[in-house]
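Values reported hereafter were calculated over all heavy atoms of this structure, with side chains retained and with hydrogens, waters and symmetry mates removed. Here the structure is a predicted model, which means the values were calculated and not measured.
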Amino acid sequence: MRIFSGIQPTGRKHLGNYIGAIRQYVEGQDRGDPAIYSIVDLHAITVAYEPDQLRTNLYDTTAALLAAGLDPERCILARQSDIPEHTELCWLLSGVCAHGDLNRMTQFKDKSGQQKDLVSAGLFIYPLLQAADVLAYRADEVPVGEDQRQHIELMREIARRFNERFGETLVVPEHRIPEIGARIMDLQEPNRKMSTSVGADSGRVYLLETEKETRKKLGSAVTDSGREVKRGEGKEGIANLIGIYAVARGVSEDEVEAEFEGAGYGDFKKAVADAVVEFLAPVRERYPEIREDEAEIERILAQGAARARELAAETLSDVRAAMGVGVPRS
Ligand code: AMP
Ligand code: TRP
């Protein structure tokens, strides 16, 4: 089973990224044959950014993934821009990707609304590059959070259309969205997902911040005027904390509700903070040493790119042949 996922080197990764995506990447290493994880710098240039900051963010994100437990001996960890097959396939697939489908993407609508100076063409075709990322490896499974469901549907449609038009060439991938924690909500505005770019810092727990900061944010998380630690109508804040606690402790949400029956919100929030601090401690402890050695990070990425390119090149050769593009294969 081939596994592929991508993560953007933007901003600081948060608890939503960790619970929705990164912990699934770590788990996938042992099922993946191989598991390929890409730091997608070419996706990050579709909105306003600073070149120096992009490099720094790329090292931050790669180091965070390594600290979270990705092991370059058990998975392929690569930088998207090191593998030109991604961009080539993006173009080749553009002929079987409907403009109308791209126009329906909710992430494009959200993100384009946030741009101040320019809505780039890149932002519009972002999901097409994402499709190429996955299809280039003929991946079977794509671990992501809930917000990527629509993008995965689109890449499935693109693969199907390609195969119909040019013959069976690409694998139609399946998403892997976790049962609990696929959509971690903002701690201050629990009707909206925790996000790198929207809302105040107090609404998101960063993967890399101090224990004190994490405790403070969880301690002041918005709840409701009721008093029961239960999911339900108007209880988005508590429901979010129940999900977070369940994942951090490896139990079900029903078990969390049973455990905190009769407890006050204050005690519950303190327990959530303890659980999250413990859950993130190994990542936080390993990170500084890994982040310091940029040469080693580059070495890992170069090794990953070499392995990834071999796989992608095979697919590209088949795609070009099927499409009648380039020098004929003998
Ligand atoms: P990004 O940082 O946008 O590249 O996202 C990386 C991964 O984190 C993707 O698989 C997203 O679906 C996932 N993700 C982002 N925000 C959340 C969230 N609030 N809850 C759960 N998963 C998330
Ligand atoms: N768009 C994804 C996100 O914002 C990142 C991504 C890029 C991705 N390429 C991918 C995710 C391929 C899964 C597969 O989270």
Side-chain angles (χ1 to χ4, degrees), residues 5-18 21-22 25 36-68 70 72 76-88 90 107-108 110-130 132-133 145 147-148 194-210 213-214 280 283-306 308-309:
S5 197
I7 184 164
Q8 296 193 72
T10 42
R12 298 165 68 188
K13 293 299 149 188
H14 52 70
L15 187 63
N17 299 129
Y18 188 66
I22 299 172
Y25 304 168
I36 306 152
Y37 301 116
S38 178
I39 302 107
V40 294
D41 51 351
L42 298 178
H43 277 106
I45 64 171
T46 58
V47 293
Y49 79 101
E50 286 304 324
D52 289 347
Q53 194 60 46
L54 179 60
R55 271 196 205 289
T56 308
N57 284 341
L58 188 123
Y59 289 136
D60 290 351
T61 302
T62 310
L65 293 174
L66 292 165
L70 289 191
I76 297 177
L77 187 58
R79 173 171 43 207
Q80 185 188 32
S81 61
D82 289 344
I83 302 151
E85 281 77 5
H86 290 232
T87 40
E88 184 183 350
C90 177
Q107 193 160 310
F108 173 72
D110 289 350
K111 282 197 183 177
S112 56
Q114 290 163 26
Q115 301 312 304
K116 293 192 184 76
D117 301 325
L118 171 82
V119 176
S120 71
L123 189 61
F124 187 67
I125 61 167
Y126 175 120
L128 179 56
L129 179 59
Q130 181 167 350
D133 291 342
D147 61 357
Q148 296 302 310
M194 189 178 285
S195 145
T196 318
S197 51
V198 185
D201 254 4
S202 53
R204 50 188 166 250
V205 167
Y206 290 114
L207 201 47
L208 301 159
E209 64 184 9
T210 63
E213 287 169 307
T214 299
L280 298 180
V283 187
R284 289 178 181 173
E285 279 158 22
R286 286 193 287 253
Y287 179 81
E289 199 184 320
I290 297 172
R291 176 63 182 84
E292 209 170 273
D293 194 349
E294 292 183 357
E296 174 62 9
I297 295 177
E298 284 294 354
R299 193 195 63 76
I300 290 169
L301 292 174
Q303 172 192 314
R309 266 201 97 169

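- For E296, the salt bridge (Lys or Arg N to Asp or Glu O under 4.0 Å) partners are R299, not counting sequence neighbours.
- For R291, the salt bridge (Lys or Arg N to Asp or Glu O under 4.0 Å) test picks out D60, E294, with sequence neighbours left out.
- Scanning all heavy atoms of the two residues, the minimum distance from A132 to C90 falls at CB-N, 3.5 Å.
- Note that the CG atom of L118 and the NZ atom of K116 stand 13.0 Å from one another [nearest 0.5 Å].
- At least one donor-acceptor pair under 3.5 Å links the side chain of R12 to the backbone N or O of L208.
- Between T61 and T10, the closest heavy-atom pair is OG1-N, 4.4 Å.
- Note that CD of Q148 is 8.0 Å distant from OG of S5, once rounded to the nearest 0.5 Å.
- Smallest separation of non-hydrogen atoms from Q80 and L42: OE1-N, 2.9 Å.
- By the 4.5 Å heavy-atom criterion applied to side chains, T62 and I300 are not counted as neighbours.
- Qualifying salt bridge (Lys or Arg N to Asp or Glu O under 4.0 Å) partners for D201, counting only residues two or more places apart in sequence or in other chains: R204.
- Between I297 and L58, the closest side-chain pair of non-hydrogen atoms is not below 4.5 Å.
- Separation of atoms CD1 (I39) and CD1 (I7) is listed at 8.5 Å; rounding is to 0.5 Å.
- The closest side-chain donor-acceptor pair between D147 and Q107, if any, does not fall under 3.5 angstrom.
- Nearest heavy atom pair, residue Y18 against residue A68, reads CE1-CB, 3.9 Å.
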Determine, step by step, whether L129 and T46 satisfy the side-chain contact (heavy atoms from CB on, under 4.5 Å) criterion, reporting the C-alpha distance in whole Å, the side-chain angles of both residues, the deciding distance to 0.1 Å, and the verdict. CA-CA 11 Å; L129 179 59; T46 58; over 6 Å; no

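- Atom CG of L15 sits about 12.0 Å away from atom OH of Y206, to the nearest 0.5 Å.
- Counting heavy atoms from C-beta outward, E85 and I83 have side chains that approach closer than 4.5 Å.
- Closest approach of E213 to T210, counting heavy atoms only: OE1-N, 2.8 Å.
- When every heavy atom of P9 is checked against every heavy atom of N57, the shortest pair comes out as O-CB, 3.1 Å.
- Listed for the R284 side chain is a donor-acceptor partner under 3.5 Å among the backbone atoms of L207.
- The backbone N or O of Q8 sits less than 3.5 Å from a side-chain atom of K13, completing a donor-acceptor pair.
- Between D110 and V198 the shortest side-chain heavy-atom distance does not fall below 4.5 Å.
- The closest donor-acceptor contact from the side chain of H43 to the backbone of Y126 lies under 3.5 Å.
- Considering only heavy atoms from C-beta on, I22 stays 4.5 Å or farther from L70 through its side chain.
- In this pair, F108 and F124 present their aromatic rings perpendicular. The plane angle is above 60°, beyond the 30 to 60° band.
- To the nearest 0.5 Å, the span separating CD on E285 from CD1 on I290 amounts to 11.5 Å.
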Yes or no on side-chain contact (heavy atoms from CB on, under 4.5 Å) for E209 and H14, after CA distance, side-chain angles and deciding distance? CA-CA 10 Å; E209 64 184 9; H14 52 70; over 6 Å; no

